[in-house]
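Because the structure is a prediction, the values reported are computed rather than measured.
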Amino acid sequence: MARLSVVLLLVVATALVLRWRRPAWYWMAFGITFAVLRVLVRYASVMDACGLTVPPARWRLALARMTYRPAPEPRAPRILRLRPTLTGLVLRLKLRPGQDAFDVSAATDRLRHSFGMYGVIAREIRAGVVELRMTGYDVLKRVQMPAKLDRAPMRVPVALREDGSVHYRDYRTVPHGLTLGATESGKSVYQRNLVAGLAAQDVALVGIDCKQGVELFPLARRFSALADDQDTALGLLEALVSHMESVYQLVREQQRISVDVPDAEIAADIWDLAEGLRPTPIVVLVDEVAELALFASKEEEKRRDRIITALVRLAQLGRAAGIYLEICGQRFGSELGKGITMLRAQLTGRTVHRVNDETSANMAFGDISPEAALAAIQIPANAPGVAVAGDSTGGWSRIRAPHTSLREAVNLCNKHADRTPNVPALAPFRPAVASSASDAAPLNKASSATA
């Protein structure tokens, strides 16, 4: 008996320590079992308390009266599947007639408390079927990306969502994106994860970093073109516009449309071209967009207008030519001048880190999802890297990118430096780097890019 007590005490102590220091390990060792039992035992009463039940059918009431049996209880949504995951539970429900997916979404906070879970998110799978993704612990506190990731061309895993799933930046689906956040909010780490994920793919990286290149120039070995001031940025953007026009000419030459050509074989963008003819896709990263829009003289205003015009043209027309924009900044509103709101309308993907005021959040989400703007305002200052990601459909979720140091990003870019494509239109802006692969080798701008 004494030995059993010692064993139980050790198990309880181990569980408490794991829950405090290693919540993921606690969840795998103990949490899954307790959570499944709580859900199964409390399910009927919790659904009734949350107003997610419907009265029994009339024929069942009539049958109970005829047979002098007790009246049947209200019916809760039927459980189709209960699946444990590495971070929580996935509960799929079949709604009863008269129920709506919005009712389940409105009750997620009460379900979280009732089932003793850290978070509950509801989404509709199809008509009458709702999936509850429940997390057993705060997966954003210490981000650990899964070992198996669904990688694909132009698709980069950059962060972890609050429901435990992976957040991907898919440029084929969402061509252009906007990332906002105050200083020390985690924008740079998010950007490094993007670069690190793209470095291993066959893609040309183009950077515009008007902070004298402190963020992007250390990664220069993997970039096909870089600019660190407004004048160079203007030349680079106009070169991209010229490259875009030449790509469209190539697509038109390869179309050769006739009555015998099936619809599926008609080329409308670079991805419809044969692999041997397909131009290299380009991702353009702008580190601080406000620096491109500010001006202090008439000459600078003319330069600014040309820069914004080029960005708008790339945002409107670049997708089919394989040119994708990733624009970062602290603020992105109409105070930056004409053309900014037109540019913002083309940036489908929106990611907002901690911001200093409500207006900054509304700049990104005010026109698509007020709930996402409210969630962005509530990001605490002691959680750098936490962000709210959404798109023009109104859907959104909290995410957090794993911490990637500048050293780690530099090492990855150096490792994949041989993948850096040579785009002739961007050759004058290619950064000149030392031939040695030594980490101590200095990185300098190409003299032609600073001319």
Side-chain angles (χ1 to χ4, degrees), residues 143 145 156-159 169 177 179 181-233 235-237 239-240 280 282-292 324-330 351 353 384-385 387 401-423 426-451:
V143 177
M145 300 293 281
V156 182
V158 292
R169 180 68 177 93
T179 303
T183 303
E184 295 295 326
S185 63
K187 293 196 311 297
S188 297
V189 174
Y190 180 83
Q191 190 178 65
R192 288 173 202 159
N193 278 277
L194 273 178
V195 174
L198 291 169
Q201 300 195 17
D202 295 325
V203 58
L205 298 179
V206 174
I208 299 177
D209 182 5
C210 289
K211 294 188 296 186
Q212 294 299 308
V214 296
E215 293 288 348
L216 296 181
F217 270 90
L219 315 174
R221 289 193 178 89
R222 186 56 185 86
F223 275 75
S224 298
L226 279 171
D228 71 341
D229 56 60
Q230 291 85 346
D231 291 327
T232 311
L236 177 54
L237 290 172
L240 283 168
T280 304
I282 299 174
V283 176
V284 183
L285 297 103
V286 180
D287 185 68
E288 182 52 69
V289 68
E291 288 299 318
L292 299 178
Y324 309 101
L325 299 182
E326 196 70 46
I327 295 180
C328 301
Q330 297 185 33
T351 303
H353 295 73
H403 180 71
T404 301
S405 67
L406 184 58
R407 179 75 266 170
E408 292 171 338
V410 169
N411 290 342
L412 281 171
C413 288
N414 293 346
K415 177 182 177 182
H416 299 290
D418 58 316
R419 288 182 172 269
T420 306
N422 184 19
V423 182
L426 305 179
F429 307 94
R430 182 155 186 172
V433 297
S435 58
S436 172
S438 172
D439 293 339
L443 300 177
N444 301 311
K445 296 176 292 181
S447 58
S448 56
T450 60

Looking at every heavy atom in both [X] and [Y], which two are closest together, and how far apart are they?
| X | Y | value |
| --- | --- | --- |
| T179 | Y190 | OG1-CE2, 3.7 Å |
| T404 | A409 | CG2-N, 4.2 Å |
| G197 | V156 | CA-CG1, 3.5 Å |
| R169 | L325 | NH2-O, 4.1 Å |
| C210 | Q230 | SG-N, 4.1 Å |
| P421 | S224 | O-OG, 2.9 Å |

If you round to the nearest 0.5 Å, how far is [atom2] of [Y] from [atom1] of [X]?
| X | Y | atom1 | atom2 | result |
| --- | --- | --- | --- | --- |
| T280 | L205 | OG1 | CG | 11.0 Å |
| N422 | R430 | CG | CZ | 5.5 Å |
| I208 | I327 | CD1 | CD1 | 8.5 Å |
| N411 | H416 | CG | NE2 | 10.5 Å |
| H353 | E184 | NE2 | CD | 12.0 Å |

Quick one, [X] and [Y] - any side-chain contact, counting heavy atoms below 4.5 Å?
| X | Y | value |
| --- | --- | --- |
| N193 | P402 | yes |
| L426 | I282 | yes |
| T183 | Q330 | yes |
| L406 | L219 | yes |
| T420 | R221 | no |
| L285 | F223 | yes |

Main-chain N/O of A199 paired to R222 side chain as donor or acceptor, under 3.5 Å:
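Yes.
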Would the distance check show the side chain of D209 and the main-chain N or O of E215 forming a donor-acceptor pair, the cut-off being under 3.5 Å?
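Such a contact is found between D209 side chain and E215 backbone.
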Is atom CD of E408 surrounded by more than 12 heavy atoms (other residues, nucleotides or ligands) closer than 6.0 Å?
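Yes, the 6.0 Å shell around CD holds more than 12 heavy atoms from other groups.
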Result of checking L237, L240, V423 against V206 for side-chain contact (heavy atoms from CB on, under 4.5 Å)
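Output: one option passes, namely L240.
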Exactly one of K211, R192, Q191 should register a side-chain contact (heavy atoms from CB on, under 4.5 Å) with L216. Which one does?
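Among the candidates, only Q191 passes.
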